[in-house]
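Each remark here refers to the structure printed beneath this line.
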Amino acid sequence: MLRIGLIGTGGFSKMHAKILSEMNDVQMVAVCGTSLAKAEAFAAACGIPSSYESLDEMLDGEPLDAVYILVPPMSHGEYEMKLIERGIPFFVEKPLGLNTDQPEQIRNEIGKKSLITSVGYHFRYTDTVVLMKQLLKEQSIGMMTGYWMGSMPQVAWWRDQSRSGGQFIEQSTHLVDIMRYCVGEIDEVYAMYGHQVMHKQFEGVTVPDVGTVTLKFKSGVIANISNTCVLPSGVGKTGITCYTQQGILEWDSERLTRIEAHETTIKNKKVNPYLAENEAFIYALKTGDTGLILSDYADAFKTQRVTVAALESAKSGLPIRLN
Ligand SMILES: NC(=O)c1ccc[n+]([C@@H]2O[C@H](COP(=O)([O-])OP(=O)(O)OC[C@H]3O[C@@H](n4cnc5c(N)ncnc54)[C@H](O)[C@@H]3O)[C@@H](O)[C@H]2O)c1
């Protein structure tokens, strides 16, 4: 039986806890949060036997086979380092943090210990993304566009630039990651961000609410990802469109549409990517075989570099070269 600990008691901790609670050979044994009261409430709701006020207490109190780090962007760093010190594998939700300095150190320390890690870039596990990757390998790609157009999540940390990193680091990172997964590495980033609406409507909004980022891939492919959080709740669209010599591939979280000269085919998503990413991590813990993990810390770091470079570019007004 694998003994799992959780850090974080928010919405996404619930999602992972539900999946883990339905798995054989896995037991969630402990949770810690920002306060003992929150950890206790979460433990009671999810049937977890022990709750703690801090990670140190949890690690001293329980032998653990792995820990899930399910906290907002500003709260990363110390947790990862403590787990690495103790040699405990971890699953961590995206994004890796607010910047690249600490994630780079963490990546280097993980490398020294060959620790098993997995990062919550769950879209990689979707069958439609896997198919898009396969098709793009066979096709001559011209360019791609991506869009994450939605409303502002109603948690206080998200609207605060110093805590979330902004929409491109926090949300659109998924689109950067899917593009990297399908097409390869990015070597140039140029971004423009703006503050149009949300700071006038709500207190404490410091994140830009519109942005557009141009990416150049090592292969020569160019892409643009635009995002906004000005839309009303319940209205939005998220996806990627690829333009190739063979036609158009339109991906969104539900389907992949393939548009060719005389035929349009639609493949609906069949895989639950959240389940698949958890199964891949648990399988790696059980067997030591990490082959099913599609995003480990070192790979996710490359996505983080791109999204952080976009913020730097938006601030400086200059393109940023990555090497
Ligand atoms: N992969 C995905 O599709 C996906 C979807 C939703 C959220 N997420 C990610 O999961 C992370 C958490 O999001 P959420 O929706 O659960 O947010 P949330 O606001 O619902 O919950 C965050 C929780 O973290 C806790 N927290 C904050 N700082 C902490 C700290 N230092 N130590 C321990 N706990 C701390 C808060 O008390 C809160 O309970 C975010 O990084 C988010 O991007 C990923």
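Counting starts at 1 for both ligands and their atoms, in listed order.
There is no side-chain donor-acceptor pair under 3.5 Å between H195 and D209. With no hydrogens or angles considered, a side-chain donor-acceptor pair links Y121 and T173 at under 3.5 Å. A donor-acceptor contact closer than 3.5 angstrom links the side chains of E62 and Y52.
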Less than 3.5 Å apart, N/O on ligand 1 and N/O on the protein: could you list those pairs with the distances?
from	atom 1	to	atom 2	distance (Å)
ligand 1	1 (N)	E93	OE1	3.1
ligand 1	1 (N)	G120	O	3.3
ligand 1	1 (N)	H122	ND1	3.3
ligand 1	3 (O)	H122	ND1	3.4
ligand 1	3 (O)	Y274	OH	3.0
ligand 1	16 (O)	G11	N	3.3
ligand 1	16 (O)	F12	N	2.8
ligand 1	19 (O)	W157	NE1	2.7
ligand 1	20 (O)	G11	N	2.9
ligand 1	28 (N)	S75	OG	2.8
ligand 1	31 (N)	S75	OG	3.4
ligand 1	31 (N)	Y79	OH	3.3
ligand 1	32 (N)	Y79	OH	2.3
ligand 1	37 (O)	T34	OG1	3.2
ligand 1	37 (O)	K38	NZ	2.6
ligand 1	39 (O)	T9	OG1	3.0
ligand 1	39 (O)	G10	N	3.3
ligand 1	41 (O)	V71	O	3.3
ligand 1	41 (O)	K94	O	3.1
ligand 1	43 (O)	K94	O	3.2
ligand 1	43 (O)	K94	NZ	2.8
ligand 1	43 (O)	E170	OE2	2.3

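Between Y193 and F168, the ring-plane angle classifies as tilted under the 30° and 60° cut-offs.
With a 6.0 Å cutoff to the six-membered ring centre and a 45° limit on the axis angle, K14 does not count as a cation-pi contact of F42.
Y243 belongs to a hydrophobic cluster whose other members, connected by ILVMFWY side-chain contacts under 4.5 Å either directly or through intermediates, are M143, I222, I248, I259.
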